[in-house]
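The structure appears right after this line, and notes come after that.
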Amino acid sequence: MKRTIIKNLLKSEDFDRTVVVKGWIRNRRGSKNVAFIALNDGSTINNIQVVVDFSELGETIMDGVGVGASLSVEGELIESQGGGQKMEVVAKKLVVLGNADPKEYPLQPKKHSLEFLREIAHLRFRTNTFGAITRIRHAMIFGVHQFFNDRGFYNIHTPIITSSDAEGAGEMFQVTTLDEKNPPLTEDGEIDYKKDFFGKKTNLTVSGQLEAELAALAMGQVYTFGPTFRAENSNTTRHLSEFWMIEPEVAFNDIVDNMDLAEDMLQYLAKYALDNCMDDIQFLSKRLQEEEKGKKEADRSMELIEKLNFVVDNKFERVTYTEAINILRNSKPNKKKKFSYIIEGWGADLQSEHERYLVEKHFKKPVILIDYPANIKAFYMKLNDDGKTVRAMDILFPGIGEIVGGSERESDLETLKSKMDALDIPQDEMYWYLDTRRFGSVPHSGFGLGFERLMLFVTGMGNIRDVIPFPRAPKQAEF
Ligand code: 4AD
Ligand code: MG
């Protein structure tokens with residue numbers, strides 16, 4: 001007999017029939033004569049209760065079989081006698097597929113810390129919390145593609161190995177096959193990358209944007225959704241060294257169209273989560289409320305479902321950088337020197353403490369900040385008529401800070417070239433990018449949404465390492 005997925009079984013109204021379920025024991029209780037097993041197969045946060053009557057199946061059948069063991073059970077699906085669950089499976093045949101020594105199995109049916117679970121990432125899929133996150137992550141990937149497909153965007157696979165630094169921040173992981181102990185040298189004694197695998201120095205991409213721009217300037221509306229890599233040494237709860245980014249790029253869009261698209265997308269995705277992941281979100285909401293019990297009222301975050309609805313229902317606040325600096329300069333934490341970085345004046349780069357102040361304390365809703373000083377933003381952003389600000393936009397979210405970064409792009413060849421000169425970006429190596437401005441250039445815009453930052457928002461988790469199955473961070477590449 002084929003097994004029934006537990007999620008489907010729990011929806012069933014069709015009792016008194018034989019079914020096969022397979023899964024892992026989440027909990028086991030009972031008496032001398034009978035065991036009640038909570039079995040989970042990953043398809044849902046909910047378990048199916050399996051009843052094992054020892055007088056039917058043998059006294060010793062469950063000896064030494066505890067949490068973590070995997071079972072195949074054939075039995076009768078009946079309406080449950082006891083409270084707490086709608087149905088249960090009364091086992092007729094039971095096979096222990098793989099036992100897990102109860103003395104050694106690291107996961108017990110009690111609360112484990114997230115830090116501990118990160119050390120056993122190979123087993124944390126078996127927890128309720130990480131199971132919920134994994135299912136939500138899948139749904140959000142699907143939601144992203146649905147959003148763009150419905151609007152006629154094309155998904156573009158941009159390269160993972162590149163020779164450019166799209167963001168110009170120099171935070172790249174190098175890719176090479178040269179012998180590290182004995183690399184070929186040029187006459188000047190420098191490493192000769194002409195002899196490297198690709199005939200030039202290459203790295204893992206920090207963004208698919210530049211290539212997406214090439215596609216947008218022919219295909220109209222495109223998006224990438226791929227892994228990106230950054231060798232920044234930031235050990236924070238919001239940074240990963242390997243993360244996934246969604247980057248739409250649209251020909252003929254200006255910065256206002258760009259803001260509209262990003263806002264529409266974030267609202268769509270929050271609603272998508274509510275519509276498709278309610279069981280898991282409810283579980284994570286309860287979890288978060290438990291965790292925050294000890295905190296002061298003012299420090300507690302908004303309840304998860306309320307927070308998602310809040311984003312769906314409220315327009316984001318659109319504010320210029322200059323306005324934001326004025327708000328921050330006159331803010332209490334700035335005057336009382338509570339910020340780690342005091343805002344002295346125009347031109348300062350915003351830290352996450354400032355971003356969160358604007359969102360959580362001042363505006364109390366998501367904020368889109370535009371028109372940043374040119375010199376704190378990337379080379380490709382369109383210069384405003386004032387000659388000192390660029391059409392950048394960062395979207396700031398409660399509890400997270402920056403969730404989206406984007407801009408209208410500089411579409412004028414000469415302006416772009418002088419910007420690259422000023423920043424020492426070699427034009428000859430970037431000829432392929434400049435060609436889009438040489439031939440049929442049009443105004444265009446795009447942005448990047450950090451997928452794990454979106455996941456932080458949707459799950460209410462506090463650490464970005466808990467929303468990706470195998471986090472990569474400084475000194476962390478286990479599993
Ligand atoms: O602001 P960023 O650096 O923008 C770009 O890479 C542009 N090329 C995007 C574009 O216009 N197409 O990164 C975009 C987003 C950030 O807002 C943040 O959500 C996320 O990517 N991000 C990170 N997420 C996790 N770990 C990191 N180290 C991240 N760095 C950026
Ligand atoms: Mg950014």
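Since we're looking at a predicted model, the values are computed, not measured. We count ligands from 1, going down the list as the structure has it; atoms in each ligand are counted the same way. Heavy atoms only: backbone and side chains are in, while hydrogens, waters and symmetry mates are out.
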List the steps, then state whether ring pair (Phe, Tyr, Trp, His ring centres under 6.0 Å) holds for Y357 with F363. CA-CA 9 Å; Y357 175 85; F363 290 108; 9.4 Å; no

Which of the protein's N, O or S atoms come within less than 2.8 Å of the Mg ion (ligand 2), not counting waters? E402 OE2

Assess, by modelled atom type and distance only, whether the side chains of R26 and N128 contain a donor and an acceptor separated by less than 3.5 Å. yes

For N46, give me all partners under side chain to side chain contact (heavy atoms under 4.5 Å, CB included), at least two apart in sequence or on another chain. L10, T44, D279

Can you list the atoms of ligand 1 that are under 4.0 Å from a heavy atom of G405? 1 (O), 9 (C), 10 (C), 11 (O), 17 (O)

Ring pair (Phe, Tyr, Trp, His ring centres under 6.0 Å) contacts touching residues 460-479 (sequence neighbours left out): H122-F479, F125-F470

How many angstroms lie between OH in Y321 and CG in L350, if you round to the nearest 0.5 Å? 5.5 Å

I'd like to check which ligand 1 atoms, numbered from 1 as shown, lie under 4.0 Å from a non-hydrogen atom of R238. 25 (C), 26 (N)

Under 3.5 Å between any N/O of L449 and any N/O of ligand 1: does that happen in this structure? no

Any nitrogen or oxygen of I464 lying under 3.5 Å from a nitrogen or oxygen in ligand 1? Just yes or no. no

Tell me the nearest of E213, E247, E452, E408 to atom 9 (C) of ligand 1, using heavy-atom distances. E247

Output the list of atoms in ligand 1 that are nearer than 4.0 Å to some heavy atom of V404, sorted by atom number. 17 (O)

Looking only at distance, does V206 have an N or O less than 3.5 Å from an N or O of ligand 1? no

Check this for me - ligand 1, H239, N or O atoms closer than 3.5 angstrom, yes or no? no

Classify the angle between the aromatic ring planes of F148 and F153 as parallel (below 30°), tilted (30 to 60°) or perpendicular (above 60°). tilted

For E167, is at least one N or O under 3.5 Å away from an N or O on ligand 1? yes

Pairing residues for S441 by the side chain to side chain contact (heavy atoms under 4.5 Å, CB included) criterion, not counting sequence neighbours: S411, R437

Please determine whether the number of non-hydrogen atoms from other residues, nucleotides or ligands lying under 6.0 Å from atom NZ of K365 exceeds 12. yes

To atom 25 (C) of ligand 1, the nearest of F229, F243, F397 on a heavy-atom basis is F243

Does the cation-pi check pass for R137 over F130, that is, NZ or CZ under 6.0 Å from the six-membered ring centre and within 45° of its axis? no

Mark the output for Y380 as yes if a heavy-atom distance to ligand 1 is under 4.0 Å, and as no if none is. yes

Determine whether the aromatic ring centres of F339 and H354 lie less than 6.0 Å apart. yes

Taking the six-membered ring for Trp and the single ring otherwise, decide whether the centroids of F451 and F225 are under 6.0 Å apart. yes

Atoms of ligand 1 close to G406 [distance to a heavy atom under 4.0 angstrom, numbered from 1]: 11 (O)

Would you kindly say whether E249 and Y223 are connected by a side-chain donor-acceptor distance under 3.5 Å? no

